[in-house]
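Notes to accompany the following structure.
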Amino acid sequence: MARKKRTSVHGQWSGRLAFILAATGSAVGLGNIWKFPYITGENGGGAFVLFYLLCVVSIGVPIMMAEVMLGRRGRASPINTMARLAREEHAHPAWRYLGWMGVLAGFLILSYYSVIAGWALAYIFRAMAGEFAAIDAEGASRLFTSLVQDPVDLLAWHTIFMVMTMLVVARGVRSGLERAVSVLMPGLFLILVLLVGYNIAQGDIVHGFHFLFDPDFSKLTPNAMLIAMGHSFFTLSLGMGAIMIYGSYLPDDVSIARTSFMVAGADTLVALLAGLAIFPIVFANGLEPGAGPGLIFQTLPIAFGRMAGGVVIGGLFFIMLVFAAWSSSISLIEPAVAWLVENHGMKRGKACVVSGIATWLVGIGTVLSFNYWSELKLFGKTFFDLLDYLTANIMLPLGGALIAIFAGWVMRRRSALEEMNMGDGAAFELWHFLVRFVAPTAVILVFLSAIGVLG
Ligand code: PHE
């Protein structure tokens, strides 16, 4: 059969492990360590975490399987994958706009993601210069404020991170990053465990634990539910084609179900560990859990500043954080780059320059939103808040729901069964049921309740 011989013009992963590493690299990023703690802090803790976990299991994992499956069958950038599959399944060609929305979402996310990754870059040097020594909560806040109020500094770090990202993407994903991620992800994990250990000894671990795991459902507002659901897409890199394009490089014989579970499991573990590393410090130092995007930058330095070897461990932590962000950022722009190569005959390098400059320019808006434009608000949100809300809470869930609908309703059952390669048993039926009914309905219900239709 011709279809089985299809491969991507951009190449293929060396095997199952390479895909797991790359997909985990994409999933584990700033979302887990920077974003998850602060949105949990802003939305009241336990109930928010529980709802997020529910979304990961019932919507995230099935949609991840669907997205990998579509990617592997289409074997091209999300735009061309959707166009191709729509043709094969005799569906409307407008399905390719789903690919377009993904490319746009990835581009917008990277524009601010890079600015935040720039903060982490700056903090590597602050940690290693010993600036955290014996710092208290107030000092840590001041240190953070001094960074974000300096647009020139922010712009410089943002530029450096964008160049780093484009350099890797230009080379093709495999050789450099695959290898780096396989060392750095375990390293990051170890340091997180160490920080949790430190907190058990020094911080207010009990309070931290209660905050993360004791649900108070009165705090779970419809908007908090939307944010939790949006985050389950964001943290698993779903709904914009990153996982789809990684799936397009996946060899035919690899199990989609098993690998998806592993990626989602690792991602969730890192987020929960990050929470356990951060909240005890928040409570032990009388800090505000709802401090917002600066939360980890205002808490972790306190711990690093007090522990023995904190200069080294703090420096390593932020290095790892940069690597986690790096392996995610390449997947945010890969769909756009692949499309430029496929449809505009560009060389990879040129495609990277074009998409990198465009992303960098939009990122300037985020840089300014923390200083000169901090009072400039649309719908009560700064430029950064607005981009984050629009992409994570609206575009990704919408994209994910449409992916589920395509995989569950538009695609013939026979095609899905063939590509999933998991046998025609209960597991396939369960997945098919989840993508057909549960995932789209859940997304629509959460949207409606957030808009206020369901109050
Ligand atoms: N999953 C990444 C994180 O948690 C962010 C991301 C979103 C990456 C969407 C790719 C696509 O940081």
Side-chain angles (χ1 to χ4, degrees), residues 20-40 52 55-56 60-61 63-64 67-68 71 77-78 99 101-120 161 165 168-169 173 177 181 184-185 188-189 192 227-248 260 263-275 293 296 320-338 355 359 387-400 403:
I20 294 178
L21 279 175
T24 308
S26 168
V28 174
L30 294 174
N32 306 60
I33 299 164
W34 159 74
K35 192 173 182 190
F36 172 72
Y38 93 76
I39 57 176
T40 298
Y52 148 78
C55 290
V56 167
V61 174
I63 291 185
M64 181 178 282
E67 205 174 321
V68 176
S77 70
M101 184 173 73
V103 168
L104 181 65
F107 167 82
L108 293 178
I109 293 173
L110 183 57
S111 79
Y112 70 80
Y113 204 83
S114 165
V115 176
I116 313 294
W119 299 356
F161 188 80
T165 299
V168 175
V169 180
V173 188
L177 217 91
V181 168
L184 287 149
M185 285 297 156
L188 179 77
F189 185 76
L192 273 177
I227 295 172
M229 180 180 76
H231 187 66
S232 69
F233 286 92
F234 184 88
T235 190
L236 295 173
S237 304
L238 296 178
M240 51 70 58
I243 289 295
M244 194 184 284
I245 198 151
Y246 277 14
S248 78
S260 299
V263 173
D267 186 79
T268 308
L269 189 63
V270 172
L272 295 179
L273 279 176
I296 66 163
M320 306 281 178
L321 184 58
V322 167
F323 272 91
W326 202 1
S327 59
S328 299
S329 64
I330 55 168
S331 70
L332 282 162
I333 202 72
E334 177 71 16
V337 169
S355 50
T359 315
L387 265 193
D388 176 45
Y389 199 90
L390 177 72
T391 51
N393 302 340
I394 298 170
M395 294 174 88
L396 299 186
L398 188 63
I403 285 169

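Just follow the structure's listing: the first ligand is 1, and inside any ligand the first atom is 1. Count residues from 1 along the sequence.
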In order of chain and number, which residues sit within 4.0 Å of ligand 1 by heavy atom?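 The 4.0 Å shell around ligand 1 contains S26, A27, G29, L30, G31, N32, Y113, F234, T235, S237, M240, A242, S328, S331, L332.
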Taking every non-hydrogen atom, the tightest pair across G239 and E67: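 G239 and E67 have their closest heavy atoms at N-OE1, 3.0 Å.
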How far apart are the closest heavy atoms of A27 and D267, and which atoms are they?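 Between these two residues, the closest heavy atoms are O-OD1, 3.0 Å.
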Given side chains that start at C-beta, do those of S237 and Y246 come closer than 4.5 Å, heavy atoms only?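 Result no, sub-4.5 Å side-chain heavy-atom pair not found.
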Would you say that M185 contacts L21 through its side chain, given a criterion of any heavy-atom pair below 4.5 Å between the two side chains?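 Side-chain contact under 4.5 Å: no.
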Hey, can you tell me if F36 and H231 have their rings parallel, tilted or perpendicular (30° and 60° cut-offs)?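 Taking H231 first and then F36, their aromatic rings lie parallel (interplane angle under 30°).
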Determine yes or no for a side-chain-to-main-chain donor-acceptor pair under 3.5 angstrom, with E334 supplying the side chain and V169 the backbone.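 Checking the backbone N and O of V169 against the side chain of E334, no donor-acceptor pair under 3.5 Å is found.
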